[in-house]
Each structure stands twice: as C-alpha cells, then as structure tokens.
Amino acid sequence: MVDILKRENVLHTVRNAIEKTFIGHEIIMAMPKEAINSFLEMLPERVIFLGISREDLDGEPKNPPACILARRILIRSLGGDTKKYLLTNPLRLHFNAENFFRLDEMEKWPGWLVA
Amino acid sequence: MPFFSYQPQENHVKVLLVEDLVENIEKAKAVLESDGHDFIIAVTLEEALFALSTATFDAMMTDLHFPEKEGAENGHPCGLAVVAECTRRAVPVAVVSDINHHNAAYAVRVIGTLATFHPKGSIPFVMDSKDFNRGLTLLKEVL
C-alpha cells in the first residue's frame with residue numbers, strides 16, 4: 001500500500017508506528033531547531049531524521065533549512081555509523097510507516113530522538 | 001544582546017568542535033573522548049552558528065580557517081566569526097590552529113581584543129600545531 005502523507009501527519013504516523021513496534025521505549029520528538037540540544041540532553045543511541053529536504057526538491061540547497069543543518073551535524077557527530085541512525089525523506093519515498101523501519105535489522109534501543 | 005551564564009560540570013562538558021579536516025576531527029575526538037566529554041562537530045561557519053544558536057554548550061573549540069558553507073573554500077579565517085559569537089554568548093572558547101605564529105599577528109590581535117570583552121577574560125589560542133590536548137587543557141582553565 002502506498003501512502004503519501006501530508007507533512008503535518010508524518011510525525012504523528014511515525015511516532016505511532018514506533019510506539020506500536022517498540023513498546024516501552026522512550027521516544028522524544030524534537031523540531032529540527034531543537035534537535036541538537038535534545039541530542040546533547042538525551043545522548044540517544046539512535047536518531048531518526050524526518051523532514052523534507054530542499055535539495056531533494058530543488059536539487060541544490062541555497063539556504064539549507066534547519067532540518068538539513070541539524071541532520072548533517074548530528075550524523076557527523078554520531079560518527080556515521082549506519083547502525084546508529086536512520087535517514088529518511090518520507091514524502092519522497094512514498095512512505096509507509098509500518099514497513100519503513102526494517103524491523104529485522106533493528107536492535108533494541110534505549111531511546112529515540114525524532115527530529 | 002545580554003550575556004548568558006553557563007555553569008558546566010567541572011569534569012564533563014558539552015563541547016562544540018569546529019574543524020573541517022577529517023584527520024584533525026579524529027585527533028580532536030580522541031582527546032575529547034578520552035577526557036570524557038560530549039561533543040558535536042561542525043565543519044562550516046554556517047553549521048557552527050546554527051549549533052550555537054539552537055543548543056547549549058559549555059565550551060567550544062574551533063579551528064581558525066574553515067569554509068563558510070558546504071562546498072566553499074577553506075582559506076578564510078571563519079574561526080574569528082565563531083570567536084566573536086562565543087564572546088557575545090559568553091561561551092568559553094579556545095582556538096586550535098596550525099597557523100605559523102609568525103603569520104598570525106592579525107588573528108592574535110582580533111582574538112586578544114575579543115578576549116577583553118569575553119566574560120571569562122581569556123580566549124586561548126594554540127598556534128603552530130593542532131595540539132588539541134593543549135587546547136583542551138587551556139580551555140578547562142577558563143571554564
């Protein structure tokens with residue numbers, strides 16, 4: 001099934017999917033501008049980045065939005081370990097919240113930061 | 001803009017590291033990790049200012065020459081802009097650069113002047129080599 005979700009529904013849908021899949025795990029959701037501070041406060045082991053990337057839309061970012069800057073900084077600070085983060089552009093991928101997370105590859109995490 | 005006050009824990013601080021070369025990032029990370037600090041890495045002036053404006057850091061360690069934005073050249077002393085912003089926000093900051101001290105009079109003058117406005121009264125400036133150990137030691141002295 002293909003779902004094309006409006007941006008304002010994406011976080012709600014993703015959060016529901018995470019909560020159903022990882023019962024009992026703490027999930028913190030933060031706007032892109034809060035992402036770095038939330039990361040410093042929580043030190044989560046996994047960060048999921050959501051949001052529309054302007055470079056995906058235009059092909060060339062001129063004034064990178066906060067989500068791109070936060071994403072670049074945090075991915076680099078996490079060390080680029082692909083087990084430590086998931087990166088997504090839901091609208092472009094015709095996002096389906098239930099099957100997106102590739103459950104067979106996931107480990108149990110103490111916390112999530114969704115920015 | 002008013003100064004903010006920071007009260008970091010003495011032995012464990014949240015650091016914003018600004019450094020664009022991978023080998024130097026690895027050196028700095030090793031120093032910060034072995035001393036038990038949490039850190040965020042920015043590689044451009046744009047990223048550094050974004051991080052400073054959206055998060056709370058106990059301290060900052062910055063290179064002197066790095067790009068303004070992704071894809072730009074790294075010959076400009078963007079670190080001076082970072083030091084100025086740290087002064088405005090009262091964030092303790094140290095500059096760690098391999099610039100030859102014989103060619104750094106302009107940077108010494110600017111950083112020294114900014115230090116007179118910084119609430120900590122001092123902005124360590126390590127020159128001639130990327131000695132992050134020394135940079136961190138001096139930074140901790142002003143925390």
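Letters A, B, ... are given to chains in the order of the sequence lines, protein chains preceding strands, and every chain is numbered from 1. Predicted model only: the values in this text are computed from it and were never measured. What you see below is based on every heavy atom in this structure, not just the backbone, and it leaves out hydrogens, waters and symmetry mates.
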Minimal heavy-atom distance between S77(A) and F39(B), with the atoms involved, is CB-O, 4.2 Å
Taking every heavy atom of R76(A) against every heavy atom of I41(B), the minimum-distance pair comes out as NH1-O, 2.8 Å
K33(A) NZ: over 12 foreign heavy atoms closer than 6.0 Å
no
Side chains of [X] and [Y] in contact at under 4.5 Å (non-hydrogen atoms):
X	Y	value
T56(B)	L40(A)	no
D38(B)	F39(A)	no
I40(B)	L74(A)	yes

Answer yes if V22(B) and F132(B) sit in the same cluster of Ile, Leu, Val, Met, Phe, Trp and Tyr residues linked by side chain heavy atoms under 4.5 Å apart, and no otherwise.
-> no
If two hydrophobic side chains count as joined below 4.5 Å and joins carry through other members, does I73(A) share a cluster with L21(B)? no
Here the gap from T44(B) atom OG1 to L69(A) atom CG, rounded to the nearest 0.5 Å, amounts to 7.0 Å
Value for NZ (K14(B)) from CD1 (I36(A)), rounded to nearest 0.5 Å, stands at 13.0 Å
